[in-house]
Chemist: 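Encoded as structure tokens, here's the structure I'll be asking about.
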Protein chains: 2
Amino acid sequence: MDKRKAILEAAVELIAEKGYTHTSMQQIADSVGVSKGSLYTFFPSKEDLIISIYEHYQQLVFERAFVVGLDGNLPPYERFAKQFQVQFEGILEYKSYMKMHMRGESAQSSEKLEGMGHRMRGRLFSWLERNLIGLYGEEITPYKWDLMWMTQSIYTSYTGLMITSESDLAPDQLGKHLVRQIDILAKDYLSGNSSPLLDDEMMRPFSVGMDREGAFTSFAKRENAWKSLYESIHQHKQSNYYLEVTDRISEESRKSTPDEIVMRGLFHLLKSEETLSEKAQLLEEQLLPPSN
Amino acid sequence: MDKRKAILEAAVELIAEKGYTHTSMQQIADSVGVSKGSLYTFFPSKEDLIISIYEHYQQLVFERAFVVGLDGNLPPYERFAKQFQVQFEGILEYKSYMKMHMRGESAQSSEKLEGMGHRMRGRLFSWLERNLIGLYGEEITPYKWDLMWMTQSIYTSYTGLMITSESDLAPDQLGKHLVRQIDILAKDYLSGNSSPLLDDEMMRPFSVGMDREGAFTSFAKRENAWKSLYESIHQHKQSNYYLEVTDRISEESRKSTPDEIVMRGLFHLLKSEETLSEKAQLLEEQLLPPSN
DNA sequence: CGTAAAAATGACTATTGAGTCAAGCACATT
DNA sequence: AATGTGCTTGACTCAATAGTCATTTTTACG
């Protein structure tokens, strides 16, 4: 049993409920069923614990959407919606983490956490930007900040709604809804009816050089592996078939407990095609524990 | 000098910056320049202190918009925008309080604070509802929750932007912007292009019976005083003149340090008209300290 | 002034909770 | 069985800080 993971999960649960400061290491220990001292073999301090929590969950939630974005099979508008949908599904799955995250209150703003938050925000915005420009072309640029900001507001508040209320908002409906609202607003801007309020200058704090080094190394590697695999597939004559296989891998990998055997099988299909073998191997290494 | 107020202000400042748990009573005392013991002559506990902060500021921020809403002089659309504008101006004025509020982290969710938050949310929603129905009529009802929710998201996130970034977003522009976005979305709903996602059932936690008893007694009294004064004025043949005077009072009362003499003079004008005298007197008592 | 009431003080208490560590324990290897 | 390795424990230290209270200072007023 992975005790480290168990501690992370128990901690998330407790912190989501009562907040960081009102959750003591003792309570976490009790909840996992180990002694307080034991926690300190896994995490050097309470602050390191919460940082680890963020590291553990953030990419889980965000990576899902990223991978969907790579697949060129869907038309842009639907793909955008699908990405939100997948994001919302992730939120539902990691409800407690999200609750904790939204409470916001954590260690007295450590350097490390702040950097991470900053990077996540930047990542979100650059993802939104990519999608907006994909949908509306470069003309949207002057309005991009306004649109991105509103999208982010609405997205965040629906997230809040999902995790607090018992009501079951359907992720796919929410995704479509969101994209539809963005579309209406974008078209209004493009028709020249409204003028933008936000610009690069005032949004500087939110535009992050995405090349920055950080805590997401492993994520970045996986990101690249996906990307290059999808690229190779698109060059392939039988791309449709391999896309289907890869999408199935993506779907499986998004589950909280992916079926390893299924994934090995799917990867085997890809690797049997010589031109894809190498890339598939790379991704497999990123997603699955080394087979012994 | 009002020491109680000084303590509240110092506390807000510190808590906005470092959070509730990381601000000690000692630090607050030091910052005001009194001893720790002294704090306890004004506030029985740290928790009472933060509750008093909320009580002190919340109505300041919200009441502004309410009063603008009473004046029937402006056309609905502009009035709506003006209300947001006034709200945003308030936010700018009480930046630190807003920062503190948005941090969210406070005493381990006391009954009293939770109730207050709930009431504020309810108040916001019922205010939005009134405005939406005023603008679009009863037909908007099926879409009201979606619209209100989105409005609230965007509003909140612009609030956040105002208080964090140094950039000077102009409250009047923001107000217009917000109402314009709402309008676009509302028209889309009314044209039958989109269907709503939220309904009464799932939004029940947000619909508050506004008749509930609470911490806003003094606010409620003032609210009624305004309301009945405006009503009387509208029945008056020379209503335009008196509206102008009353609007001027409203404007003055919104300032952080209203000019008492000016207000006394304005009230005098109203009171000299017999049919308004009584209502004006009532409001004056609510807004100004008893003249000795 | 002088005196009493009110307000302010800061040393003190009591509690909480993060982090340490020496001793104990479980399990694998030889 | 003996030895070693690393995990686990919980009693302990230590710092932070909410809240108290006997004493001092200020104010108010005859």
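Note on naming: letters A, B, ... go to the chains in the order of the sequence lines (proteins, then strands), and numbering restarts at 1 for each one. Both backbone and side-chain heavy atoms feed into the values below; hydrogens, waters and symmetry mates do not.
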Chemist: If the condition is side-chain hydrogen bond (donor to acceptor under 3.5 Å, both in side chains), which residues does B/Ser157 pass it with, not counting sequence neighbours?
Modeler: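 Per chain and number, B/Ser157 pairs via side-chain hydrogen bond (donor to acceptor under 3.5 Å, both in side chains) with A/Trp149, A/Ser153.
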Chemist: Holding to side chain to side chain contact (heavy atoms under 4.5 Å, CB included), I want the full list of residues that pass it with B/Asp30, two or more places apart in sequence or in another chain.
Modeler: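 Expected list: B/Gln26.
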Chemist: In B/S/- notation, 5' to 3', how is nucleotides 4-23 of chain D contacted by protein heavy atoms closer than 4.0 Å?
Modeler: ----BBB------SBBB---
Chemist: Output all residues satisfying ring pair (Phe, Tyr, Trp, His ring centres under 6.0 Å) with A/Tyr155, sequence neighbours left out; order by chain, then residue number.
Modeler: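 A/Tyr155: ring pair (Phe, Tyr, Trp, His ring centres under 6.0 Å) contacts with A/Phe84, A/Phe88.
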Chemist: Identify, with sequence neighbours excluded, every residue that meets salt bridge (charged side-chain N to carboxylate O under 4.0 Å, His left out) alongside B/Lys95.
Modeler: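 B/Lys95 satisfies salt bridge (charged side-chain N to carboxylate O under 4.0 Å, His left out) with no residue once adjacent residues are dropped.
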Chemist: Return the set of residues passing side-chain hydrogen bond (donor to acceptor under 3.5 Å, both in side chains) with B/Glu278 (not counting sequence neighbours), or none when no residue passes.
Modeler: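 B/Glu278 satisfies side-chain hydrogen bond (donor to acceptor under 3.5 Å, both in side chains) with no other residue.
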Chemist: Give me the first and last nucleotide of DNA chain C, going 5' to 3', that has any atom under 4.0 Å from a heavy atom of chain B.
Modeler: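 Here the contact window of chain B covers C/dA8 to C/dG10.
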Chemist: State which residues pass ring pair (Phe, Tyr, Trp, His ring centres under 6.0 Å) with B/Phe125; sequence neighbours excluded, sorted by chain then number.
Modeler: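 Per chain and number, B/Phe125 pairs via ring pair (Phe, Tyr, Trp, His ring centres under 6.0 Å) with B/Trp145, B/Phe206.
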Chemist: For B/Tyr40, which residues count as a ring pair (Phe, Tyr, Trp, His ring centres under 6.0 Å) partner, sequence neighbours excluded?
Modeler: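 Scan of B/Tyr40 (ring pair (Phe, Tyr, Trp, His ring centres under 6.0 Å), adjacent residues dropped) gives none.
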